[in-house]
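These notes are about the structure you will find just below.
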There are 2 protein chains.
Amino acid sequence: MSKSESFDLKDFLPYLLAQAAEQTSVEFQYFYKTKYGMLRTEWRVLFHLGRYGSMTAKEICDRARLHKTKVSRAVAALQDKRFLTREQQEKDRRHETLGLTRAGQLAYADLSQAAQRFDRKMVADFTPEEADVLRRCLIRIASL
Amino acid sequence: MSKSESFDLKDFLPYLLAQAAEQTSVEFQYFYKTKYGMLRTEWRVLFHLGRYGSMTAKEICDRARLHKTKVSRAVAALQDKRFLTREQQEKDRRHETLGLTRAGQLAYADLSQAAQRFDRKMVADFTPEEADVLRRCLIRIASL
DNA sequence: ATATATTAGTTGTTTTTGTAACTAACAAGC
DNA sequence: GCTTGTTAGTTACAAAAACAACTAATATAT
């Protein structure tokens, strides 16, 4: 049997990663999409503001590795939902400081707790060693 | 420090999976997109036909866990590129058997070898044990 | 035999994403 | 000052994905 015949998509890491990511993404969507009508980028932006406090869109782009147009649209959507407010900075009016409203903070608290429970539940399927290896491998791959 | 404050997106498995999948996907795109002008679904369909031989669109849907509209459009695109041909089955004219042309087989050979090299290069960043755990974890997560 | 349900596959419409071009504000060089 | 360049953010348009509705062929039940 030649090498090319024995090779299978099921062994191909990019394929496995895509399938695994898709699977968990669909499951976790229940929390931000069904409950809050958010898109994935919106949840990520909300998370960054909730976790690290007020910051500008640019800072979110850098920290979350998200393109500025995605962030721009997510911010607009979150503002529509009354989850965040913008405030233009006086000394440099190009910057606007983004901050969560009370409703935004509540959504963050709810979602981040759901995320923690979700994560713990996923990890529970593996031994601590496996979970540790998995996490480290993913971090390494993601930061190439 | 409360639990919710110590929790970070960077520790959240669905996030890590998405980032890792995105990263490898972008890299591997060079082969099927830049070289052959294919979309990801097209490459997957091509792969299934190249690897397992002629079959119907439905069989590809089932094996590749792909929605029928995606497969339908990928098949049409691959046909436009002269990579596959369709043949209606006589005993049930709803089915059409899809098969690769010579050009399709060459593209498959090229891409599947590129995939193998890509995979080996990724795995080389890890110990055999790590790679093994990673693969097994991903398979488990993907098949939930 | 004919009405009903299924199945394979396609097409159309709406969302979402990606990319590039744009505006507004500031900074630097001369 | 006034060009030129940069940066933050938005907008507009094109590519792609998601979802629903559709056609055609066959199978099933009465």
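In what follows, chains carry the letters A, B, and so on, assigned in the order in which the sequence lines appear, proteins first and then strands, with residues in each chain numbered from 1.
- One can place CZ of B/Arg40 at 7 Å from P of D/dA17, the figure rounded to the nearest angstrom.
- For the 3.5 Å distance criterion, the side chains of B/Gln19 and B/Gln23 fail to qualify, holding no donor opposite an acceptor.
- When heavy atoms are screened at a 4.0 angstrom cut-off, A/Thr69 is found touching base atoms of the nucleic acid.
- Centroid-to-centroid, the aromatic rings of B/Phe12 and A/Phe28 come within less than 6.0 Å.
- Listed by chain and residue number, A/Glu129, A/Glu130 satisfy the side-chain contact (heavy atoms from CB on, under 4.5 Å) test with A/Thr127 (two or more places apart in sequence, or in another chain).
- Clustering of Ile, Leu, Val, Met, Phe, Trp and Tyr side chains at separations under 4.5 Å leaves B/Leu106 isolated, with no partner residue.
- Backbone-only engagement by A/Lys58 is indicated by non-hydrogen atom pairs under 4.0 Å involving sugar-phosphate atoms exclusively.
- Taking side-chain N and O atoms only, B/Ser72 has no distance below 4.0 Å to OP1 or OP2 of C/dG9.
- Residue side chain B/Arg73 does not reach the base of C/dG9 through any donor-acceptor N/O pair under 3.5 Å, judged by distance alone.
- For D/dT10, the OP1/OP2 oxygens have no side-chain nitrogen or oxygen of A/Lys68 closer than 4.0 Å.
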| message | Using ring pair (Phe, Tyr, Trp, His ring centres under 6.0 Å), reason through B/Trp43 and B/Phe31 one step at a time and then give a plain yes or no. | response | CA-CA 10 Å; B/Trp43 137 246; B/Phe31 298 100; 9.4 Å; no

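- Across residues 23-34 of chain B, not one residue has a non-hydrogen atom less than 4.0 Å from an atom of DNA chain C.
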